[in-house]
2 protein chains.
Amino acid sequence: MTPRSAPHRSAGRPRAAVLSRELILEAAFALADERGADFTLAALARKLDVRPSALHHYFAGKDELIAGMRGRLTLRVGDHGFGTLPWYEAVVPWARAYRSTLGAHPGIIAALATLPVAGEPESISDYERIAEAFRRDGYPEHRVVPAIVAIESFVIGSALDALAPDDNLRPVHRPDLAPALEGAERAARLHAAEQGASAATAAFEFGLEALIAGLRAAGR
Amino acid sequence: MTPRSAPHRSAGRPRAAVLSRELILEAAFALADERGADFTLAALARKLDVRPSALHHYFAGKDELIAGMRGRLTLRVGDHGFGTLPWYEAVVPWARAYRSTLGAHPGIIAALATLPVAGEPESISDYERIAEAFRRDGYPEHRVVPAIVAIESFVIGSALDALAPDDNLRPVHRPDLAPALEGAERAARLHAAEQGASAATAAFEFGLEALIAGLRAAGR
DNA sequence: ACCTGAACACCGTTCAAGT
DNA sequence: ACCTGAACACCGTTCAAGT
């Protein structure tokens, strides 16, 4: 958004390194946080007062940069008591934090969701803590990963849903053609407003509770 | 993928229109179906043997094109007996068809999920049928839309999950650091293989069943 | 080793010009 | 009205050249 001047640095190796993977990732999150900002390497380079090609010294390409971001994303989501609380309690604040952290980075949700986690130590250790909680609580072993994947899929889908307009399912143009939807959408919107939540957040909380209840029942 | 020659057409209005919204949308789906093909207006124009700028005559921009695709996507998913079956039965084949239809168009899932549906008649009438089934079955009105949104979020997240590598959560590099995850991932993979399904599909079916069970319980 | 700077093959979008 | 063709402001990536 804010235009930056071209780097005033002259060619050649600087006396001390200007960049680092840490610095780049930090700036990448700051850029992704800016609403409406295009998440491009060029914009990232401008933010760092550097030429785009300099970034390729630290990340092979854009995909690898995003993979690096996901590792840090896991740290941002944080632990939420999987070590002490039962999985079905700890998973609620975890899912909330996961969704809102994803929601702060609209442009890259799909990329973050799709890219392989294999080999990202932070992500693996996060899943390990969660899987261990399920195991400890006696959840059937072959259903632990499906349960985690189901919750994660729901969270990611909900993060995307939160990006859509709040009255997304409202049949504004021809309410008469969709009477059931019109009534249901209005009732849901009012009910959400009473709780001081957006329609998307209310749907997320409702669905999360239902999903967890269903997963608990399937584990007995 | 397949290189096309530049349009041999000369400038000026052709005697009969070469393009139409229908033709463009059809080609757009064909392009999106091609695995690994970049979903760009330039590639779409090449497929139609037309200059990119010609597309702007039918769609204001890329976003509007994708919005048009979603309308047709709804038709592709199809009805699944919401008129006759209880919602919790009809929703299962609907969710399966929705997920696999989305899965056939990897590059645009996020865009399809995020763009507003407001004013797309096909989408609205689809939701109307589903909302009407919930109402008819006595589901609390203010929870109908949250339930639909929850299912849709799960489906979209699952479609994205299906694009990731099948052993996405497998701690290949250092299994010793993630023993619970390693065991759970192996058990899930074997269990899925026994049913002849991919790990992603098994997780989807398991999660869908759990979510629906939870939503049913929340509606009583 | 770490950056600039130039170059390459792309994008999406706008718009004049042709029929 | 419906297309081409040229132009514009961008991309991501590669690589030689500088220190």
Side-chain angles (χ1 to χ4, degrees), chain A residues 1-25 27-28 31-32 34 36-69 107-108 110-111 114-115, chain B residues 1-25 27-28 31-32 34 36-69 107-108 110-111 114-115:
Chain A
M1 210 89 269
T2 51
R4 291 269 183 159
S5 57
H8 23 268
R9 202 174 300 104
S10 55
R13 181 187 188 187
R15 313 170 104 261
V18 176
L19 299 175
S20 69
R21 286 180 68 98
E22 276 306 298
L23 250 172
I24 294 172
L25 288 175
L31 178 63
E34 289 173 19
D38 289 333
F39 189 77
T40 63
L41 293 187
L44 182 56
R46 276 191 292 273
K47 212 181 213 348
L48 288 160
D49 197 25
V50 137
R51 296 293 180 192
S53 52
L55 301 173
H56 287 81
H57 240 265
Y58 295 87
F59 296 95
K62 198 176 182 181
D63 281 0
E64 206 187 273
L65 172 72
I66 291 176
M69 289 179 74
I108 53 171
T114 303
L115 283 178
Chain B
M1 209 89 269
T2 53
R4 291 267 183 160
S5 56
H8 24 267
R9 201 175 301 107
S10 54
R13 181 187 187 188
R15 314 169 102 260
V18 177
L19 297 175
S20 70
R21 285 179 70 96
E22 276 305 298
L23 251 172
I24 294 172
L25 287 175
L31 179 64
E34 290 172 18
D38 289 333
F39 189 76
T40 64
L41 293 187
L44 181 57
R46 276 190 293 272
K47 211 182 214 348
L48 288 161
D49 198 25
V50 135
R51 297 293 181 192
S53 52
L55 300 173
H56 287 82
H57 240 266
Y58 296 88
F59 296 94
K62 198 175 182 181
D63 281 2
E64 206 187 272
L65 172 71
I66 291 176
M69 290 179 73
I108 54 171
T114 304
L115 282 178

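Atom set for the values below is all heavy atoms of this structure, side chains included, hydrogens, waters and symmetry mates excluded. Letters A, B, ... are given to chains in the order of the sequence lines, protein chains preceding strands, and every chain is numbered from 1.
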Can you name the nearest heavy-atom pair linking [X] to [Y], along with the distance?
X       : Y       : value
A:Ala17 : A:Tyr58 : CB-OH, 4.2 Å
A:Pro52 : A:Ala42 : CG-CA, 4.3 Å
B:Ile66 : B:Phe39 : CG1-CE2, 4.2 Å
A:Leu41 : A:Leu65 : CD2-CD2, 3.7 Å
A:Met69 : A:Ala32 : CE-CB, 4.3 Å
A:Leu25 : A:Gly68 : CD2-C, 3.8 Å

[N] [atom2] sits how many Å from [X] [atom1], rounded?
X       : N      : atom1 : atom2 : answer
A:Asp49 : C:dT4  : CG    : C1'   : 12 Å
A:Ile24 : C:dC2  : CD1   : P     : 11 Å
B:Leu44 : C:dC10 : CG    : P     : 17 Å
B:Leu19 : D:dC2  : CG    : C1'   : 9 Å
B:His57 : D:dC3  : NE2   : P     : 7 Å
B:Leu65 : C:dC11 : CG    : C1'   : 15 Å
A:Phe59 : C:dC3  : CZ    : P     : 13 Å

Sugar-phosphate, base or nothing in reach of A:Tyr58, heavy atoms under 4.0 Å: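 The answer is sugar-phosphate, as A:Tyr58 gets under 4.0 Å only of primed atoms, P, OP1 or OP2.
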Under the 3.5 Å Watson-Crick or G-U criterion, the dot-bracket string of DNA chain C, with | for inter-strand pairs: ||.|||||...|||||.||
Distance, nearest 0.5 Å, that separates CD of B:Glu64 from NE2 of B:His56: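 Those atoms lie 10.0 Å apart.
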Distance, nearest 0.5 Å, that separates OG1 of A:Thr40 from NZ of A:Lys62: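 Here the interatomic distance stands at 6.5 Å.
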Phosphate OP1/OP2 of D:dT4: any B:Arg9 side-chain N/O under 4.0 Å: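 Yes, such a contact exists.
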Side-chain touch B:Val50/B:Arg9, heavy atoms, less than 4.5 angstrom: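 Heavy-atom side-chain distance check passes, below 4.5 Å.
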Summary of protein contacts for nucleotides 12-19 of chain C, nucleotide by nucleotide, where a base hit scores B, a sugar-phosphate-only hit scores S (4.0 Å, heavy atoms): SBBB--BB
